[in-house]
Every structure is written in C-alpha cells, then in structure tokens.
2 protein chains.
Amino acid sequence: MAARDSNPNFMNGVPELLILRLLQQEDMYGYEIVQAIRSRTDAVIAVGEGVVYPVLHGLERDGAITSRRRTVNSRSRIYYSVTSAGSHRLADLSEAWTNLAAAIQEMLTGGQREQVIL
Amino acid sequence: MAARDSNPNFMNGVPELLILRLLQQEDMYGYEIVQAIRSRTDAVIAVGEGVVYPVLHGLERDGAITSRRRTVNSRSRIYYSVTSAGSHRLADLSEAWTNLAAAIQEMLTGGQREQVIL
DNA sequence: TGCAATACCTTGAACCTCGAGGTATTGTGG
DNA sequence: CCACAATACCTCGAGGTTCAAGGTATTGCA
C-alpha cells in the first residue's frame, strides 16, 4: 500500500495546541481564550471565534476537555478544564510541534552542507 | 467593521518557504526538491509532488522564480532559480515564520505569569 | 432608550494539502 | 527483447482548516 509517510497535515492543530495549553494553565471560557491568544502573542497569532468554538466542541466530544457552566459577575460562561486524556494529547501535539519547528528552523538557518564524519 | 486583524492564514506557505529556501541555496528541479525536503528534515516534513509542482508553478507565475529546461545525464529536467523578487519574498516569509514560531514557543514554555517590572 | 461590550454559536467560501493516478523516458535484470 | 523500477513531469478530487461574517442574547452605561 505505498507506505503512508508524509505528515498528517503538519500545520494543522495549532489552534488546538494553543487552546489546550491555555486550559492546562487555567480554566477558561471561549471568549476569554480568543483574547488570551491574541494578547499573549502580541497579536502575532489571532484566531477568531469561528475557530475557537468548534475546536472546543471537538475537544469536548473527544474527551480531552470538560465543560461546566458558571455565572461570574452576572455573566454566564462555559468554563473548560483539561482532562488527563487532554493532557496527554497536549503533550503529543506539543512534541510534534517542537519537532516540526526545529526541522524548519534547521532548513532556514543551517544551510551549509556538512560532511558527516564517521 | 470589527477591525480586520487575525493572521493571513498563519500556517500556510510552509512548503513555499522551504522551496524558496532550497532554491536560494542551489538551483533545483521539482523531483529533486521533493526528496531534498524529506532527507534534510529526516522525514519530519515530507511534501508530495502534488504540493511541490503547483507551488513551483505559482511562484513562477508570480515572478519569484524562473525556469529553464536542461538535460543532465540524458535526463530532461526543469531547473528553477530564485529571482530578486523571490529573494525578497523569501525574506518576508522567513521573518513571518520566525515570529510565529517564537510566539508559539513562548506560549508553550513561558507559561508562568510574570510581573512586568518598570 | 440605544449602544458597546460580553458571550455564545453556525455557516459558506476560500484555501491547502494529501493521495492517487497519468504520461514519458532511461537503465537494468532476466 | 521485455518487464519493471526509477526518474521526472503533471493534474485532479476529496478532505480538512481557517476566515469572515452574521446571528442571538444579556449586561452596563450614558
């Protein structure tokens, strides 16, 4: 079957990665996550609500996070918490991202041919 | 009008970035590029021909690279070279990527709240 | 009362990438 | 001589993401 190599869509899941990471540090709700990503990256990354909410629903469906409704300051919000499964998923995504970023960085900077010394 | 912010599809164009980078170091042909990306990243990144060829055609259409047919070892190949416009484009993409990677890295590692000291 | 901010959500279009398939040529083993 | 693998080019359809925009509802303030 032609050996399935290539990457599982290497770039995907960055929003998911960031969301899981934020939730691991602190329970948050969707609207807050949108702003947190923007402010913590100095607007380098800015995902819209149209990205965040579907990702949250998907993560919950997969059991990576759980939700509970809470009212704070007379505001009804849905807070999300990372489950242990979600924590594991975060670790995987995080490692995948690190490998990817390192590979690209290597291509961008270390251009010079090197001889492999045995 | 909600202020158009957000990123221009922040993840896209990684294949384009890598291809331009390779071509800046050395003229190459499509088939060679596919293998170069795989081998130089230790298969961490592996883009198929279905990605590379369309990108090459797009870059050429935009004047970022030029092509010329050459026969080497009785093999007919289309070699691509980066133009000055392409070089500029590479610089832009490269910087954008660096910013993005730094922002994500910051989110993944530097999680702890810090007080800004004035 | 009206408007901005908070807070949730969905949808359609646009864009990429993947995987598979198609053509043609060259070199090699049987 | 033939078949097959490797080289080398290319295109297409399916699937998955992201974006931008819009929709609903509540709260607080002028």
Side-chain angles (χ1 to χ4, degrees), chain A residues 1-19 27-39 43-62 67-80 93 97 100, chain B residues 1-19 27-39 43-62 65 67-80 93 97 100 104:
Chain A
M1 287 344 181
R4 306 194 306 62
D5 35 21
S6 87
N7 350 280
N9 232 340
F10 43 125
M11 288 329 222
N12 292 346
V14 167
E16 182 178 318
L17 170 63
L18 296 181
I19 289 170
D27 287 6
M28 294 178 101
Y29 52 99
Y31 191 79
E32 186 183 12
I33 291 173
V34 171
Q35 297 169 64
I37 290 178
R38 177 172 315 197
S39 68
V44 171
I45 301 174
V47 295
E49 301 181 18
V51 171
V52 169
Y53 287 115
V55 168
L56 286 172
H57 300 158
L59 285 173
E60 184 171 26
R61 176 174 28 77
D62 295 348
S67 66
R68 69 185 187 290
R69 179 158 236 120
R70 250 203 294 169
T71 297
V72 180
N73 295 333
S74 65
R75 286 288 179 186
S76 179
R77 302 168 175 165
I78 302 176
Y79 282 83
Y80 292 92
L93 286 175
W97 169 260
L100 177 69
Chain B
M1 293 338 179
R4 305 193 308 62
D5 32 24
S6 88
N7 351 280
N9 233 344
F10 43 125
M11 287 329 220
N12 292 346
V14 167
E16 181 178 317
L17 170 62
L18 296 182
I19 289 170
D27 287 6
M28 294 179 101
Y29 53 99
Y31 191 79
E32 185 182 14
I33 291 173
V34 171
Q35 299 170 63
I37 291 178
R38 180 173 310 201
S39 69
V44 171
I45 301 175
V47 296
E49 301 181 17
V51 171
V52 169
Y53 287 114
V55 168
L56 286 173
H57 299 159
L59 285 173
E60 184 171 25
R61 177 175 28 76
D62 296 348
I65 59 178
S67 66
R68 70 185 186 291
R69 179 158 235 120
R70 250 201 295 169
T71 297
V72 180
N73 295 333
S74 64
R75 285 289 180 186
S76 179
R77 302 167 176 167
I78 301 175
Y79 282 83
Y80 292 92
L93 287 175
W97 169 262
L100 177 69
I104 294 178

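This one's a predicted model, so the numbers in the text were calculated from it and none came from an experiment. In what follows, chains carry the letters A, B, and so on, assigned in the order in which the sequence lines appear, proteins first and then strands, with residues in each chain numbered from 1.
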At under 4.0 Å between heavy atoms, what does A/Gly50 touch on the DNA or RNA strands: base, sugar-phosphate, or nothing?
->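 The residue A/Gly50 makes base contact.
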To the nearest angstrom, how far is [X] atom [atom1] from [N] atom [atom2]?
X       : N      : atom1 : atom2 : result
B/Tyr29 : D/dC10 : OH    : C1'   : 16 Å
A/Glu16 : D/dT17 : CD    : P     : 9 Å
A/Arg70 : C/dC8  : CZ    : C1'   : 17 Å
B/Arg38 : C/dT17 : CZ    : C1'   : 14 Å
B/Met28 : D/dA8  : CE    : P     : 11 Å
B/Ile33 : D/dT7  : CD1   : C1'   : 15 Å
A/Leu18 : D/dT17 : CG    : P     : 15 Å
A/Ile45 : D/dT17 : CD1   : C1'   : 15 Å

How long is the gap from NE2 on A/His57 to OH on A/Tyr80, to the nearest 0.5 Å?
->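 Separation between the atoms: 4.5 Å.
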How long is the span from the CD1 atom in A/Ile37 to the CD1 atom in B/Ile104, to the nearest 0.5 Å?
->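 Spacing of CD1 (A/Ile37) from CD1 (B/Ile104) equals 10.0 Å.
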Looking at [X], does any N or O in its side chain come under 4.0 Å of the phosphate oxygens OP1/OP2 on [N]?
X       : N      : answer
B/His57 : D/dT11 : yes
A/Tyr53 : C/dC8  : yes
A/Tyr31 : C/dC8  : no

With A/Tyr53, which residues qualify under side chain to side chain donor-acceptor pair (under 3.5 Å), at least two apart?
->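 Checked A/Tyr53 against side chain to side chain donor-acceptor pair (under 3.5 Å); zero matches.
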Spell out protein contact along nucleotides 24-30 of chain D as letters: B when the base is contacted, S when just the sugar-phosphate is, - when no protein heavy atom is under 4.0 Å; keep the 5' to 3' order.
-> --BBS--
Would you kindly compare B/Glu49 and A/Tyr79 by the position of their nearest DNA chain C nucleotide and give the one closer to the 5′ end?
->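 Its nucleotide being nearer the 5' end, the pick is A/Tyr79.
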Only counting residues at least two apart or in another chain, list the ones meeting side chain to side chain contact (heavy atoms under 4.5 Å, CB included) with [X].
X       : answer
B/Gln35 : B/Tyr31
A/Arg70 : A/Arg68, A/Tyr79
A/Val55 : A/Glu16, A/Ile19, A/Val51, A/Leu59

Could you list the residues that satisfy salt bridge (Lys or Arg N to Asp or Glu O under 4.0 Å) with B/Arg61, not counting sequence neighbours?
->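 Salt bridge (Lys or Arg N to Asp or Glu O under 4.0 Å) list for B/Arg61, sorted by chain: empty.
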What nucleotide among C/dC9, C/dC18, C/dA7 has an atom nearest to a side-chain atom of B/Val51?
->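 Per side-chain heavy atoms of B/Val51, the pick is C/dC18.
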